[in-house]
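Let me begin by presenting the structure, written as structure tokens, before commenting on it.
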There are 2 protein chains.
Amino acid sequence: MTGYRVRMGSDDTPAPGAATRESATRARTRRAILDAAVSVLTADHGASLADVAEAAGVGRTTVHRYFPERSDLLAAIGADVRDRVAAAADRARLDDGPAPDAMERLCLEYFELGDRLLLLYDVPQFIAWSGIEEESVADLALLTLVRRGQKDGTLDPEVDAGWLQDVMWALLYAAWMQARDQGTPKHTALSLCLRTLRKAVAP
Amino acid sequence: MTGYRVRMGSDDTPAPGAATRESATRARTRRAILDAAVSVLTADHGASLADVAEAAGVGRTTVHRYFPERSDLLAAIGADVRDRVAAAADRARLDDGPAPDAMERLCLEYFELGDRLLLLYDVPQFIAWSGIEEESVADLALLTLVRRGQKDGTLDPEVDAGWLQDVMWALLYAAWMQARDQGTPKHTALSLCLRTLRKAVAP
DNA sequence: CCACAATGGAACACCTCTGTTCCAGAAAGG
DNA sequence: CCTTTCTGGAACAGAGGTGTTCCATTGTGG
């Protein structure tokens, strides 16, 4: 209803017109809550705010001070993930070099995001909230990359570009699961993922 | 706590020692609730029993009559899925013919199960309840199949057998998503899945 | 060292879901 | 047709989560 309500100052701050920066203390607390929320919600999508507060080492009241409603917290997580994804896609320099190599770089970057992306995957609501459009910037960049690879013959041209995109995500997901549930070392899981991806997307 | 509590007769039935078969009426109602629960819970993992009852076209009281506690309903769903998976694996005749072909047959069978398997994927709790062991019969059969293929050179021998198993699941999942969210026709999604799987698991 | 920012805890009303009981009415089935 | 089975709705208590207020305490920075 109210969307993402931002509260910069303390409860009784007289709302100083322009956007005042958050104090260092508050910024740290905010991050702690956000990070705790990610790990708690990854383990249990229906966890209560009390659980989040405990994991963050913070009182439940404090959580409500930063994120007045549950949806505010979830939206903030979504926005945080969106930013990280965009940054990761940026670092992967999708326009450079052969398409399969660029795709591999992207996988590497995304794999590092770990839990956060798992959460995005599992809780579809995040996509609706927090201004993640139908097709995010990163998704579009990946789509462009796939089309480029299909055009120059380095990626399978006989399947839909969106499908290749989904395949990448699916294999990433499988790799995370392998690491989390089977206890496979992360680098092993990642190299399995990359090897299989290369074959799967080849012409 | 109580596990899967079976109630065969009506409320006041004097518990007729041996296992009495359920009346046709009750069997139909039970199925309706079970099916409704699958589709409702697929859409929203936290849906209430009232939602399930409404979707089943049945009073909430009736749901409680068949499945006294929420966990009983979930366990029943899990058991139902387990049976269907086992039957599907059986129909795929995993021991016959080349391993990639058998794997493709299995994909076809699993794909038909649709929603039910998506649910199993999304709600890990189902695996703990309802007597699905760590490694179900179907999983073991698939693992055996993969090992056979790796030995005779028809499947990639350089990766762990468990990983190839996960890859199959991941691609199936991607195909379902493609059909559900992008509106891709099911047969199209399935053929994309099979094409990519063949390449991904090839040596 | 002192004012103000920031926190934690208790207590509160409110809501939703759960699981239960009871009973009147509909549906089956002999 | 009439009895048994099966159902749906109302009404209830209890549990747990949410969002709020208030106040005492801690801490941080100037």
Side-chain angles (χ1 to χ4, degrees), chain A residues 1-16 20-34 36-37 40-41 43-76 125, chain B residues 1-16 20-34 36-37 40-41 43-76 125:
Chain A
M1 193 69 70
T2 58
Y4 182 13
R5 210 184 307 164
V6 185
R7 295 221 179 148
M8 292 294 192
S10 79
D11 293 359
D12 39 22
T13 297
T20 310
R21 212 75 228 103
E22 217 172 26
S23 88
T25 309
R26 282 185 72 86
R28 258 180 289 124
T29 305
R30 177 180 294 272
R31 269 253 67 82
I33 295 175
L34 230 38
V40 168
L41 291 176
D44 173 12
H45 305 170
S48 73
L49 294 187
D51 295 333
V52 172
E54 191 187 348
V58 139
R60 191 171 67 92
T61 318
T62 302
V63 173
H64 278 291
R65 237 189 297 267
Y66 284 81
F67 307 98
E69 299 188 7
R70 183 176 234 272
S71 62
D72 295 327
L73 175 58
L74 298 183
Q125 308 165 304
Chain B
M1 193 66 73
T2 58
Y4 182 14
R5 210 186 304 166
V6 186
R7 293 220 179 149
M8 293 297 191
S10 79
D11 293 359
D12 39 21
T13 297
T20 310
R21 211 76 229 100
E22 217 171 28
S23 88
T25 309
R26 282 185 71 84
R28 258 179 290 124
T29 305
R30 177 179 294 273
R31 270 253 67 83
I33 296 175
L34 229 39
V40 168
L41 290 176
D44 173 12
H45 305 169
S48 73
L49 294 186
D51 295 333
V52 172
E54 191 187 347
V58 139
R60 192 171 68 92
T61 317
T62 302
V63 172
H64 278 292
R65 238 188 295 266
Y66 284 81
F67 307 99
E69 299 188 7
R70 183 176 233 272
S71 62
D72 295 326
L73 174 57
L74 298 183
Q125 307 165 304

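The chains referred to below are lettered A, B, ... by the order of the sequence lines, with proteins before strands, and numbering in each begins at 1. Computation of the quantities below employed the complete heavy-atom set of this structure, encompassing side-chain atoms and omitting hydrogens, waters and symmetry-equivalent molecules.
Here the CZ-NE2 distance, from A:Arg70 to A:His64, works out to 10.0 Å after rounding to the nearest 0.5 Å. Interatomic distance, CZ of B:Arg26 versus OG1 of B:Thr62, reported as 9.0 Å (0.5 Å rounding). Put simply, NE2 on A:His45 and NE2 on B:His45 are 8.0 Å apart, with the number rounded to the nearest 0.5 Å.
At whole-Å resolution of the value, CG in B:Leu73 and C1' in C:dG19 are 14 Å apart. With rounding to whole Å, A:Arg26 atom CZ is found 17 Å from C:dC4 atom P. Rounded to a whole Å, the CZ atom of A:Phe67 is 11 Å from the P atom of C:dT7. Protein atom CD1 of B:Ile33 is 12 Å distant from nucleotide atom C1' of D:dG8, rounded to whole Å. Note: NE2 (B:His64) to P (D:dC12) measures 17 Å, nearest angstrom. Taking atom CZ on B:Arg28 and atom C1' on C:dG29, their separation rounds to 12 Å, with Å as the unit. Between B:Glu54 atom CD and D:dG9 atom C1' the separation is 15 Å, expressed in whole Å.
Shown are A:Leu34, A:Leu49, A:Leu74; of these, the side chain to side chain contact (heavy atoms under 4.5 Å, CB included) with A:Phe67 is made only by A:Leu34.
Contact annotation for B:Gly46: no contact, since no heavy-atom pair falls under 4.0 Å across all strands.
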For this session: Can you check each nucleotide of nucleotides 9-17 of chain C against protein heavy atoms at under 4.0 Å and return B for base, S for sugar-phosphate only, - for none, in 5' to 3' order?
Result: BBB-----S
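In this model, the phosphate group of D:dG8 is approached by a side-chain N or O of B:Thr62 to a distance below 4.0 Å at OP1 or OP2. For the pair B:Tyr66 and D:dC6, the criterion of a side-chain N or O lying under 4.0 Å from OP1 or OP2 is not met. In this model, the phosphate group of D:dT28 is not approached by any side-chain N or O of A:Ser23 to a distance below 4.0 Å at OP1 or OP2.
In this structure, the side chains of A:Glu69 and A:Asp72 come closer than 4.5 Å at one or more pairs of heavy atoms.
For A:Val63, the side-chain contact (heavy atoms from CB on, under 4.5 Å) test picks out A:Ile33, A:Ala53, A:Val58, with sequence neighbours left out.
Nearest-nucleotide assignment on DNA chain C puts the 5′-proximal partner with B:Ala50, out of B:Ala24 and B:Ala50.
The side chain of B:Glu69 approaches C:dG19 more closely than any other nucleotide in the set C:dT7, C:dG19, D:dT7.
Across B:Ala36 and B:Ala55, no two heavy atoms sit closer than the pair CB-C, 3.8 Å.
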